[in-house]
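Input: a single structure, listed below in structure tokens.
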Amino acid sequence: TPLYSSAASDVYKRQGMFIFQKETFYIPSANLIYRNNPTMMTGQKKLLIKGSSDLSLYQFVQQMIEVHRGHSMFAFLFATASLFQDVIQTEIRNFPLILFYGAPSSGKDQLSKCVRSLFGEIQAPINLASGISTAKAHIRELAQFQNTISEFSEYKNGDSKIDEMLKGIWDRNGYKRGTIESRVSVEEIPVLSSVILTGNEYPVNDALITRLIWCEFQKNTFSNDEKKAYEKLDDMIKRGISHFTVELLQLRQDFVNKFKHKFRFFQSEMKENKGLKHITIDRIIQNLSVLGATYQILIEANYSLPFNMNHLMEHIIVTTENQMRKLNTSSPAAKFWDLFVYGMRHASQYQIKLDLDYRIDGNELKFNWTQVYGIIQKEWWTRYQESCPSKTNLKEQLTKQSYYILDKRAERFGDKSTSVVLFDINQLPNKSDLLNAHEWQMSNDKDNFSSFTTISKDSNTEISDNPFYD
């Protein structure tokens with residue numbers, strides 16, 4: 001059969017082959033013999049072009065914004081930049097991660113689906129909380145496709161191995177493994193895809209926070225009109241939107257020629273912007289400059305978008321204020337001492353009691369770690385809406401601080417001898433609050449301390465009375 005006859009073309013299609021510019025290409029996942037095989041090339045089969053010409057890119061992004069507001073601008077620009085992440089990585093030696101964090105049913109999963117649907121049918125997310133896969137297995141997932149997006153779901157803070165892996169992904173560090181060719185030969189498994197990180201908790205590792213584009217979803221109750229808009233967006237995703245990707249890929253040469261200049265220009269604009277003086281970390285500016293450069297390239301290519309540079313900058317200001325606030329107050333150690341003071345003042349069965357759970361000798365605070373951790377753990381979720389770090393991880397965080405003195409094996413508390421942890425009160429971040437609570441227990445006069453001050457979980461605003469506010 002002649003190579004270019006209709007019969008030959010039909011055979012080629014069934015076998016996953018096609019001819020482009022007189023060259024023949026073979027795509028194994030498109031071969032009909034694998035179509036009904038549930039274990040072979042499942043991910044590759046989902047990477048396809050799907051969509052309707054009745055829906056424009058403008059209409060789709062507009063619907064995203066109606067449902068998910070400003071986060072949609074970040075999500076769309078991140079997805080577009082991800083199509084050219086090999087170009088961007090060459091220029092800046094890294095590629096940002098984007099965080100969708102918030103309460104259950106706040107919309108973060110749907111926005112993740114919007115972004116990942118630009119690459120065909122939605123790939124299954126990689127569950128970080130299950131512990132089934134190793135960090136190396138996660139990296140292999142990111143090496144499976146180039147210039148696409150993967151989701152790492154169910155992020156939990158306090159896992160140092162996961163945090164280090166995510167930092168390495170920002171740096172585009174894969175891992176090396178030996179080969180059978182010789183005793184010293186190795187091959188590298190690279191990071192080729194970008195990452196959406198989702199979860200009900202946000203990271204507390206400072207270095208990781210600075211590597212993220214920050215999207216906090218704060219709303220999880222919606223009106224009927226908002227639910228209808230959500231359903232309309234969901235219907236768009238189900239019909240398919242990956243045909244937009246074919247259109248966006250035409251911008252590759254624009255990214256090759258323009259990205260470096262646009263990136264540097266947006267960086268300097270952010271540093272000069274008076275509304276962004278709160279950003280003290282260059283890495284955060286660098287991450288957002290990837291989005292800014294992407295926006296400028298799209299506009300110069302005559303793409304019509306339902307938002308402008310002013311909208312983008314306004315959202316950057318809001319999100320980075322929140323990000324910097326988390327960076328300044330997010331450590332597990334700071335949260336521990338906030339709850340420790342509350343526990344001292346809390347007149348209930350969960351009170352941290354003088355001479356039973358803790359003692360102050362001169363400048364030394366001593367307490368039984370296991371007993372106090374049990375009390376802190378019970379209140380952690382109520383206060384922060386996140387799981388308490390493990391007893392080992394939390395203690396490790398505390399012992400790394402300058403106020404830690406030592407562990408002591410035997411100290412008498414009440415009628416028994418127990419091991420204790422010693423801290424220097426003078427170096428504690430909330431020394432005055434702790435001493436006030438101690439004086440209250442000493443005097444056993446609750447009225448003198450019926451109202452006290454703590455810091456809001458979402459801002460630097462002081463609030464009185466019960467810190468476990470709604």
Q | Salt-bridge contact Lys400-Glu396 (side-chain N to carboxylate O under 4.0 Å) | A | yes
**Q.** Row check, Tyr202 ring normal vs Lys326 NZ/CZ: under 6.0 Å, within 45°
**A.** yes
Q | Polar side-chain atom of His138 near backbone of Ile126 as donor-acceptor pair, under 3.5 Å | A | no
Q) Would you say the side-chain atoms of Thr319 and Asn322 include a donor-acceptor pair closer than 3.5 Å? A) no
Q. Side chains of Gln63 and Met236: closer than 4.5 Å at any heavy-atom pair?
A. yes
Q | Nearest atoms (heavy-atom pairs only) where Phe119 meets Leu47 | A | O-CD1, 3.1 Å
Q: Begin from the C-alpha positions of Thr320 and Leu276 and carry the test side chain to side chain contact (heavy atoms under 4.5 Å, CB included) through to its verdict.
A: CA-CA 8 Å; Thr320 52; Leu276 296 173; 3.9 Å; yes
Q) Under 3.5 Å, is there a donor-acceptor pair between the Thr418 and Asn368 side chains? A) yes
Q. Is a side-chain donor or acceptor of Ser193 paired with a backbone partner of Phe145 at a separation under 3.5 angstrom?
A. yes
Q. Tell me, do Thr198 and Phe152 make a side-chain contact under 4.5 Å, heavy atoms counted?
A. no
Q) Mind checking whether His315 and Phe74 have ring centres under 6.0 Å apart? A) yes
Q. Closest heavy-atom contact between Met313 and Asn273?
A. CE-ND2, 3.3 Å
Q) Between Asn147 (side chain) and Asp86 (backbone), is there a donor-acceptor pair under 3.5 Å? A) yes
Q | Any donor-acceptor pair under 3.5 Å from Gln351 side chain to Met344 backbone | A | yes
Q. To the nearest 0.5 Å, what is the distance between CG (Asp163) and CG (Leu128)?
A. 10.0 Å
Q.
Less than 4.5 Å apart, side chain to side chain, heavy atoms only: is that true for Leu365 and Leu422?
A. no
Q) So does Arg69 have more than 12 non-hydrogen atoms from other groups sitting under 6.0 Å from CZ? A) yes
**Q.** Pair Tyr403 and Trp337, ring centroids less than 6.0 Å apart
**A.** yes
Q | Under 3.5 Å donor-acceptor, Gln441 side chain and Arg345 backbone | A | no
Q) Can you find a pair of side-chain heavy atoms, one from Val421 and one from Tyr404, that are under 4.5 Å apart? A) yes
Q | No-hydrogen, no-angle side-chain donor-acceptor test under 3.5 Å, Asp225 and Tyr230 | A | no
(Q) Is the shortest side-chain heavy-atom distance between Gln323 and Glu216 below 4.5 Å? (A) no
Q: Apply ring-ring contact (aromatic ring centres under 6.0 Å, His included) to the pair Phe217 and Tyr101, showing each step before the final yes or no.
A: CA-CA 6 Å; Phe217 292 70; Tyr101 140 73; 8.9 Å; no
Q.
Under a 3.5 Å distance rule, please check whether Gln85 uses its side chain to pair with a backbone N or O of Ser194 as donor and acceptor.
A. yes
Q. With distance as the sole test, does Asn205 use its side chain to make a donor-acceptor pair with the main-chain N or O of Leu208 at under 3.5 Å?
A. yes
Q. Which of parallel (below 30°), tilted (30 to 60°) and perpendicular (above 60°) describes Phe255 and Phe259?
A. parallel
Q: Heavy atoms only: give me the nearest Ser289-Gln267 pair and the separation to one decimal.
A: OG-CG, 3.1 Å
Q | Electrostatic pair Glu231:Lys228 at N-O distance under 4.0 angstrom | A | no
Q.
For Lys136, I'd like to know if atom NZ has over 12 heavy atoms of other residues, nucleotides or ligands within 6.0 Å.
A. no
Q) Is the backbone N or O of Pro306 less than 3.5 Å from a side-chain atom of Gln62, with the two atoms forming a donor-acceptor pair by type? A) no
Q.
Please find the pair of heavy atoms, one from Ala75 and one from Met64, that lie closest to each other, and give the distance.
A. CB-CE, 4.3 Å
**Q.** Asn94: which of Arg172, Gln286, Arg211, Gln89 passes side-chain hydrogen bond (donor to acceptor under 3.5 Å, both in side chains)
**A.** Gln286
(Q) Tell me if a side-chain donor or acceptor on Asn127 pairs with a main-chain N or O of Glu154 at a distance below 3.5 Å. (A) no
(Q) Surrounding NZ of Lys113 (heavy atoms of other residues, nucleotides or ligands, distance under 6.0 Å), is the total greater than 12? (A) no
Q. Looking only at atom types and distance, does a side-chain atom of Arg116 sit under 3.5 Å from a main-chain N or O of Glu151, one as donor and one as acceptor?
A. no
Q. Do Glu188 and Tyr175 touch side chain to side chain, with heavy atoms closer than 4.5 Å?
A. no
Q: Return the set of residues passing salt bridge (Lys or Arg N to Asp or Glu O under 4.0 Å) with Asp361 (not counting sequence neighbours), or none when no residue passes.
A: Lys366
Q: Please report the shortest heavy-atom distance between Met270 and Ile316, naming the atom on each side.
A: CE-CG2, 3.9 Å
Q) Any salt bridge between Glu164 and Lys161, counting N to O under 4.0 Å? A) no
Q: Salt-bridge test for Lys167 and Asp171: reply yes if a basic N is under 4.0 Å from a carboxylate O, no otherwise.
A: no
Q.
To check you understand the geometry: which heavy-atom pair defines the closest contact between Ile189 and Ala143, and what is its length?
A. CG2-CB, 3.8 Å
Q. If you round to the nearest 0.5 Å, how far is CD1 of Ile196 from CD1 of Ile213?
A. 10.5 Å
Q. Is any side-chain heavy atom of Ile360 less than 4.5 Å from a side-chain heavy atom of Leu435?
A. yes
Q | Residue among Lys108, Gln110, Lys219 satisfying side-chain hydrogen bond (donor to acceptor under 3.5 Å, both in side chains) with His68 | A | Gln110
Q. Is the shortest side-chain N to carboxylate O distance from Asp407 to Lys395 below 4.0 Å?
A. yes
Q) So, do Tyr295 and Phe307 have ring centers that fall under 6.0 Å from each other? A) yes
Q: Walk me through it: do Gln427 and Ser402 pass the test side-chain hydrogen bond (donor to acceptor under 3.5 Å, both in side chains)?
A: CA-CA 7 Å; Gln427 297 191 51; Ser402 60; 3.1 Å; yes
Q) Are the ring centres of Phe336 and Trp369 closer than 6.0 Å? A) yes
Q: Measure the acute angle between the ring planes of Phe367 and Phe423, then classify it against the limits of 30° and 60° as parallel, tilted or perpendicular.
A: parallel
